[in-house]
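Worksheet for the structure shown next.
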Amino acid sequence: MEQRYVGKAAVVTGAASGIGRAVAQRLGAEGAKVACLDVNAESAMETAAGIGDNAIGLACDVSDWATVESTIASITEQFGQIDVLCNVAGIGGFAESHLIDPGVYARMIAINLTGTFLMCRAVLPQMVERGHGVIVNTASTAGIMGQPWSAGYCSSKAGVVGLTKALATEYDTPIRINAVSPGGVVTNMYAAFMPPEGVDWNRMRKMSRDNVETAQPEELAGLFAYLGSDEARYITGSIMVMDGGITA
Ligand SMILES: NC(=O)c1ccc[n+]([C@@H]2O[C@H](COP(=O)([O-])OP(=O)(O)OC[C@H]3O[C@@H](n4cnc5c(N)ncnc54)[C@H](O)[C@@H]3O)[C@@H](O)[C@H]2O)c1
């Protein structure tokens, strides 16, 4: 394993499970001090314990500004600084748009999009002050192309694409902001995707799990680790697609 993160401190959200857990593990294995954040505190701590003494697990709801702000302050105190932020936390789920509970829609935006912004908002001041730092967000094929029964999810992920590009134009390298755009990744979220009852599954077209090859979380973690490292020095404002060709 390369050691690109020795002397660096990283924060990973959604670190209790799936892609976030794999990202935390990968950065830890490459020498980073890692703060593993998740609403599921117990599993975030499990992730941290598996990484070792260089990792801590903390409860954090990314949609709650007060919690985000105080969590980032306490990690900064403990680690000295935050060099890399990986925003992986997110929720999914299908619902027909003419029937969806507006509260469910709002929650998806609050976690997937506003939560990503709030985490950026919390770490950017110290990155601006130091003049360097890296953020890697999580978009989706659903943020680049349409997907049925996913108005909230598509909107939130298209928002992450816009947020990533906006920030990259506002801050100069070596502050870098990019996003990874996964296709189908074998995680709890992916396993839980159930179409609404009675709909025509063929509407999923190329995004259907029947048509598309999937990736393992560790494959995505490799891309996050690359983007967060100095090897990606010249990459900012990019939406790095790893989707088996779904959006090709
Ligand atoms: N799995 C896929 O096929 C796929 C495809 C494209 C994009 N994504 C995106 O990848 C990211 C990770 O998803 P995953 O597949 O690993 O799912 P997952 O369900 O395994 O992990 C998501 C994690 O986010 C956490 N989380 C949810 N709400 C939170 C909140 N408010 N604050 C903090 N943590 C919260 C969950 O507790 C969970 O641990 C998500 O942003 C998802 O939208 C996944």
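One-based numbering, in listed order, for ligands and for the atoms of each.
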Other than Y226, what residues sit in its cluster of Ile, Leu, Val, Met, Phe, Trp and Tyr side chains whose heavy atoms are under 4.5 Å apart, directly or through others? Y5, V12, I19, V23, L27, V34, V84, V88, V134, V136, V180, V185, L220, L223, F224, L227, I235, M240, M242
Linking Ile, Leu, Val, Met, Phe, Trp and Tyr through side-chain heavy atoms less than 4.5 Å apart, which residues share a cluster with V161? I144, I239, V241
Distance in Å, K33 NZ paired with D53 CG, rounded so as to fall on 0.5 Å steps: 12.5 Å
Between the side chains of K8 and D230, is the shortest nitrogen-to-carboxylate-oxygen separation below 4.0 Å, so that they form an ion pair? yes
Below 4.0 Å from any atom of ligand 1, which residues have a heavy atom? Give them in chain and number order, please. G14, A16, S17, G18, I19, D38, V39, C60, D61, V62, V88, A89, G90, I91, I111, T138, A139, S140, Y153, K157, P182, G183, G184, V185, T187, N188, M189, Y190
Provide the full list of side chain to side chain donor-acceptor pair (under 3.5 Å) pairs with a residue in residues 90-101, sequence neighbours left out, each pair given once. none
So W201 and F94, would you call those rings parallel, tilted or perpendicular, with 30° and 60° as cut-offs? perpendicular
